[in-house]
Amino acid sequence: MTVEIIEKAEFEPNILMFACNWCSYAGLDLAGTSRMKYPVNVTIIKTMCSGRIEPTFVMKAFKDGIDGVIISMCHEGDCHYMDGNYKTIRRFHLMNNMLESFGISKDRVMMVGISASEGAKAVKVITDMVETVRTLGPIELGAD
Amino acid sequence: MAVVKPKVAFYWMGTCGGCEESVVDLAERILDVVAAVDIVFWPVALDFKKADVEAMEDGSIAVALINGSVRNSEDEKMGKMLRKKAGLIVAYGACAHLGGIPGLANFHTREEIFQKVYIEAPTINNPKKIIPQLETEVNGVKLTLPTIYNTVKKLDDIIDVDYYIPGCPPHPDLLMGAVQAILSGNLPPHGSVLSPNRNMCDTCPLERKEDKIIMKKFKRIHQIIPEEGQCLLEQGVMCLGPVTRNGCDAACMKVTMPCRGCYGPTDEVEDMGTKYASALASIWEETDEEDVIRMVKSIPSFAKMVYYFSTPSSILKRKKMEVIP
């Protein structure tokens, strides 16, 4: 699906957040049930494990007009599948290296550990990311 | 009355000439090909001119095999002309199929490349700092050159391509198979890659000696003396076999060289570079973030390595340019 950016007087970033089922999504759930407020700029996709998130997904997101991506996972040692989040760490840094070669700022991607009890942290992470990407401006890829 | 043989054209674009060489690699089988078809255009070997092809009726060539990436305006013009003249277009070789090694130019701009090639290269002697111009006058005659594009494209970015033959260069058996399929009319669906849709590791002659591959350190092939017969990933060499299509008869691995991915990904995979990053992340054991960053930094030009043959067919296609011309 192509995400269209609606031209506005002020730029509103489009943020995509991948959240793992066992820690991060539960953390986001907690933020919701606790009625915490967070920016509407974020779209959340649940995956069973952060280890499922491939660099392909992130590149495709950028291609389709997403301005920033958050990959959130369990804290180190807490992964429901033992070592899924360690794979995420390695994938993330390999991907960062590739994004740099394509001229995409590494501030547009973020990897963070959010546990099921950290609703407030989830809200802070999203708010911070929206502000960071707002200062970076809309995503620009290589022209044809 | 002589039997009318199907007409075949070969053309080269932004390429090294290795694909043409692979046609000659058919060896004595080339005689069977020549007996069955009529070659009407082949700039590297036969003396037919562009005007000869232009004079032909549209659709009169049965098949045009085009190798090379679309590097300049001349390539684009010729590609579009051959599309009109030929019934079938076959993208022949890694450059036409995926963008190939010339596609690595997409990590730079045209200006950077001109600067490096014509001014900064240690082997160049160019005191007047002359770089190629589109037009120049010599003794009152105006000479022109095609425009080099900033972005290298693959063949199907400019024209509709019917079939792809992968490889740098393609295995002669693939060409022979394609010629036989076209002559017999027994063709696969439009847009197929005429090579097995299986993974390289499937046919690799190297063997895995351990239960689980664990890379302790990333090495390049010139840094080690590889153990013969053992999987190169196990030996710490970054081999692109896990994300590459087979069909080349594992030519590199037979001589203990790592796969570099010239056959491109299988049909299910969109971007082989990101897939390789995914796969690579599963076969080392560092868990501490600082160690991971150190390991990643130890790989020189990771993006160029994984997109060695496929930058123009990757999801992001090229580096963001500061000034868009």
Side-chain angles (χ1 to χ4, degrees), chain A residues 2 47 49-66 69 71 73-79 81-106 108-113 136-144, chain B residues 104 106-109 149-153 157-158 215 218 238 243 265 269-307 311-312 314-325:
Chain A
T2 311
T47 56
C49 177
S50 61
R52 176 69 187 90
I53 300 150
E54 291 181 21
T56 316
F57 299 169
V58 178
M59 300 250 182
K60 271 192 122 156
F62 285 135
K63 177 99 186 166
D64 289 348
I66 292 288
V69 176
I71 295 169
M73 57 187 192
C74 301
H75 285 286
E76 288 176 35
D78 285 353
C79 179
Y81 304 101
M82 312 304 285
D83 61 354
N85 55 354
Y86 293 124
K87 282 184 186 154
T88 314
I89 294 174
R90 298 191 287 259
R91 256 174 215 153
F92 179 80
H93 287 289
L94 283 171
M95 180 188 77
N96 251 355
N97 188 304
M98 292 164 84
L99 286 176
E100 204 185 316
S101 302
F102 281 110
I104 294 174
S105 164
K106 65 175 193 287
R108 290 190 188 273
V109 283
M110 178 194 220
M111 182 180 64
V112 62
L136 286 172
I139 182 91
E140 279 171 28
L141 301 175
D144 219 14
Chain B
L104 287 175
N106 287 2
F107 285 114
H108 304 273
T109 60
Y149 293 150
N150 241 318
T151 303
V152 177
K153 294 174 197 162
D157 288 338
I158 56 155
M215 290 174 95
F218 298 128
M238 286 184 287
V243 292
V269 176
E270 184 175 354
D271 186 312
M272 65 190 292
T274 49
K275 272 282 180 203
Y276 189 70
S278 264
L280 191 64
S282 311
I283 53 171
W284 33 309
E285 282 196 318
E286 265 67 15
T287 51
D288 186 68
E289 200 166 350
E290 301 226 323
D291 287 342
V292 171
I293 294 172
R294 192 174 40 76
M295 282 282 274
V296 172
K297 278 196 179 147
S298 75
I299 311 173
S301 311
F302 181 66
K304 285 185 181 173
M305 191 203 88
V306 294
Y307 290 123
T311 321
S314 65
I315 294 171
L316 295 178
K317 288 193 167 58
R318 70 154 297 123
K319 187 183 177 176
K320 179 187 149 196
M321 284 185 283
E322 293 312 318
V323 184
I324 298 160

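Naming convention: chains lettered A, B, ... in sequence-line order (proteins, then strands); numbering from 1 in each chain.
Two residues are said to be in side-chain contact when any heavy atoms from C-beta on lie closer than 4.5 Å; A/Leu99 and B/Leu316 meet this criterion. Side-chain contact between B/Met295 and A/His93 is absent, with no heavy atoms from C-beta onward closer than 4.5 Å. No side-chain heavy atom of A/Glu54 sits less than 4.5 Å from a side-chain heavy atom of B/Thr274. Counting only heavy atoms from C-beta outward, the side chains of A/Asn97 and B/Ile299 never approach each other to under 4.5 Å. Looking at B/Ser278 and A/Arg91, their side chains come closer than 4.5 Å, going by heavy atoms from C-beta outward.
Atoms NZ and OG, from B/Lys320 and A/Ser101 in turn, are 14.5 Å apart once rounded to the nearest 0.5 Å. Taking CG of B/Leu280 as the reference point, atom CZ of A/Arg90 lies at 9.5 Å (rounded to 0.5 Å).
For B/Tyr149, no part lies near chain A; criterion is any non-hydrogen pair under 4.5 Å. Only the backbone of B/Glu285 comes within contact range of chain A, judged by heavy atoms closer than 4.5 Å. If you measure heavy-atom distances from A/Ile104 to chain B, the contacts under 4.5 Å come from the side chain alone. For a residue to count as touching a neighbouring chain, one of its non-hydrogen atoms must lie under 4.5 Å from one of that chain's; by this rule A/Met95 does not touch chain B. Contact annotation for B/Val269: neither backbone nor side-chain heavy atoms come within less than 4.5 Å of a heavy atom of chain A.
In terms of heavy-atom pairs under 4.5 Å with chain A, the best-connected choice from B/Ser301, B/Ser282, B/Gly273 is B/Ser282.
The minimum heavy-atom distance between A/Met98 and B/Val306, with the atom names listed, is CE-CG2, 3.8 Å. Here the closest non-hydrogen pair linking A/Lys60 and B/Ile315 is CG-CD1, 3.6 Å.
Among residues two or more places apart in sequence or in another chain, the side chain to side chain contact (heavy atoms under 4.5 Å, CB included) test is passed with A/Ala61 by A/Leu16, A/Ile66, A/Val69.
Relative ring orientation between B/Phe107 and A/Phe102 is described as tilted, the plane-to-plane angle lying within the 30° to 60° band.
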